[in-house]
Amino acid sequence: MTSSPPRLLLVDDESSITDGLAPFLARSGFDVRVAADGQQAWERIAEWHPDILVSDVMMPVLDGRELVRRLRATGDTTPTILLTRVGESGERSAALDEGADDYLNKPFDPQELVARARAVLRRVAAGAAPLMSSQTLVAEGLRLDRPARRVWRDSDEVSLTPKAFQLLEYLMTRPGEVHARERLLSALWGFDFATHTRAVDHRVAELRAALGDDAAAPRYLETVAGVGYRFCATVSRA
Amino acid sequence: MALALAGAALMAGAAAVAGALAGDRRSLVIEAAVPGIAAAAAVVLAVAAGMTLVVDRRRRRAESELRAEVSEEAAVEHRRFLARLDHELKNPVTAIRVAVAASDVESPQLATIDAQTARLSRLVGDLRKLSELQTSELERSRVSVGALVTDVVDAIRDAFGRDVSVTLPAAPWPLPDVTGDPDLLFVALFNVVANAAKYSEPGDVVEIRGDEQRGLVVLDVADTGRGIPADEVDTVFDELARGSNARDRAGSGLGLALVRTIVHRHGGDVAITSRQGHGTRVRVELPAAAV
């Protein structure tokens, strides 16, 4: 462990949330400061240079999405977790358009936020952060064009359903991390309840068939017994 | 004469509105829209009555348009209500979860608060999903009904340790495919069969029967479980509705609402027949895909 804890800027206009979340995050090993809206956050970032930003979306003055857009427009790559769902804005490639590094839907499990923040920081430390903002990702003969929503294996285009593409994109932008089925179901399908995680297994099977990946000796998609899935190949931006 | 006709038409219009309302259980949502619509209906119908003798035909058309308008407005307002509910619940629920996580003390009471808030979180998430599903774009793939049923039966065995007996036709040909989102169709059928498993005992029968009728794939999910009280059968598809004899089983009251939304979005229909103490049959009808 390094001597100084990572600096986390928490942005939310609901003090009922920040009042509890700030001390919780501090106890979980972060140096925490709070901003009540995007404008305040903008100023704090300039003077304090946090290692990570955790921001609500709907806020007065300057909302979370606009804050991230402005930061990215100035070349600021401070890793960011938005407290909403992937693609909730309705855009198909919302994650890419906005430049957020991860998403967590309210109401969330505070422990899950800590796990995500750590994962994002690990990604940055490993130099993998640029994947999140890359238009094209490549991994061992596999090529994923995010804006066009198209995939090629070697030189052949692979036909995928939109959901399978979304899953592959999610896993490829977070290589090496183990993703629980429940987590994938919640993040990509929006289901927290009233169903079974089988949908995830199906899309993984679809991906494996389309990519010619062998579950027993995976090149891309590894099953982590009793938990979920991991993208096991090394991913880089094209 | 014209005046009398207009008066009669006005009353008929009001009756039509009342009928449409009685048919819809979400009266709270609709009430706000009534005065304006009733007035509009009165005008439309009164004019029709005064003009000509083909009153009946026109009135019937106006009534059906009115009914469509009322139900469309109710649906839009209902979606808005779900969105508002989601918006108003998510911050307080997050605040409670965070406050519990930030507390130093460990107590059974706090553990209860934590568990119940987690449950509330999932409920908020699924209410949101439900409202999104009513308008979101659907994947349109060919889905094999046989594979779908097999999948659901496996998942039920996995989740409830119960076996389901399945009868799907093999002759003169197997069931046609349906077109739609395979994940959502799975969620719908899984929920129906999960209810059958949940509200019956291990010795009870749970069956899935498939049939093809007039371009529709018909799936009956039947059980010899506890059934639904007669006066509650009509409301079981409503959000958060739970049978008065279902309280001993965990559930969100969203399962059948989800089923109804998914089936309707696929151009199908779902109906329930039940006798308390004897069992329940849920019939799901989906348009067959073109061969």
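Because the structure is a prediction, the values reported are computed rather than measured. Below, read A as the first sequence line, B as the second, and so on, with proteins coming before strands; counting in each chain starts at 1.
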Undergrad: Would you confirm whether A:Lys106, through its side chain, and B:Leu89, through its main-chain N or O, come within 3.5 Å as a donor-acceptor pair?
TA: no
Undergrad: With respect to chain A, which residue among B:Val100, B:Val93, B:Asp151 yields the maximal number of heavy-atom pairs within a distance under 4.5 Å?
TA: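 Result: the option with the highest number of such pairs is B:Asp151.
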Undergrad: Pairs under 3.5 angstrom only: tabulate donor-acceptor contacts from the side chains of residues 108-115 of chain A to other protein residues two or more places apart or in another chain.
TA:
from	atom 1	to	atom 2	distance (Å)
A:Asp109	OD1	A:Gln111	N	3.1
A:Glu112	OE2	A:Arg116	NE	2.9

Undergrad: Could you tell me which portion of B:Asp158 (side chain, backbone, both or neither) has an atom closer than 4.5 angstrom to a non-hydrogen atom of chain A?
TA: side chain
Undergrad: Working to the nearest 0.5 Å, report the span between NE2 of A:His202 and CZ of B:Phe186.
TA: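 These two atoms lie 6.0 Å from each other.
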Undergrad: If you count heavy-atom pairs under 4.5 Å between each of B:Ala95, B:Ser103, B:Pro182, B:Ala155 and chain A, which one has the most?
TA: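 Ranked by contacts with chain A, first place is B:Ala155.
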Undergrad: Between B:Lys129 and A:Trp189, what is the shortest heavy-atom contact and its length?
TA: NZ-O, 2.7 Å
Undergrad: Taking all non-hydrogen atoms of both residues into account, name the closest pair between B:Val98 and A:Ile17 and its distance.
TA: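 Minimum heavy-atom separation between B:Val98 and A:Ile17: CG1-O, 3.7 Å.
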Undergrad: Indicate yes or no: at least one non-hydrogen side-chain atom of A:Glu14 is less than 4.5 angstrom from one of B:Thr94.
TA: no
Undergrad: Inspect the contact between A:Arg203 and B:Asp183 and indicate whether a charged nitrogen and a carboxylate oxygen are less than 4.0 angstrom apart.
TA: yes
Undergrad: Does A:Thr161 reach the side chain of B:Ser141, with side-chain heavy atoms less than 4.5 Å apart?
TA: yes
Undergrad: Keeping to residues at least two apart or across chains, list the salt bridge (Lys or Arg N to Asp or Glu O under 4.0 Å) pairs with something in residues 92-107 of chain B.
TA: A:Arg27-B:Asp104
Undergrad: For B:Ala101, is it the side chain, the backbone, both, or neither that has a heavy atom closer than 4.5 Å to a heavy atom of chain A?
TA: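 Contact with chain A involves both backbone and side-chain atoms of B:Ala101.
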Undergrad: Measure the CZ-CG distance between B:Arg128 and A:Asn105 for me, rounded to the nearest 0.5 Å.
TA: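 Going from the CZ atom of B:Arg128 to the CG atom of A:Asn105 covers 4.0 Å.
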Undergrad: What part of B:Leu184 lies closer than 4.5 angstrom to a heavy atom of chain A: side chain, backbone, both or neither?
TA: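 When you check distances to chain A, only side chain atoms of B:Leu184 fall under 4.5 Å.
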Undergrad: Count the heavy atoms of every other residue, nucleotide or ligand shown that sit under 6.0 Å from CZ of B:Arg242, and state whether that count exceeds 12.
TA: yes
Undergrad: Which atoms of B:Thr117 come close to chain A, meaning under 4.5 Å heavy atom to heavy atom: side chain ones, backbone ones, both, or neither?
TA: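 It is neither, since no heavy atom gets under 4.5 Å.
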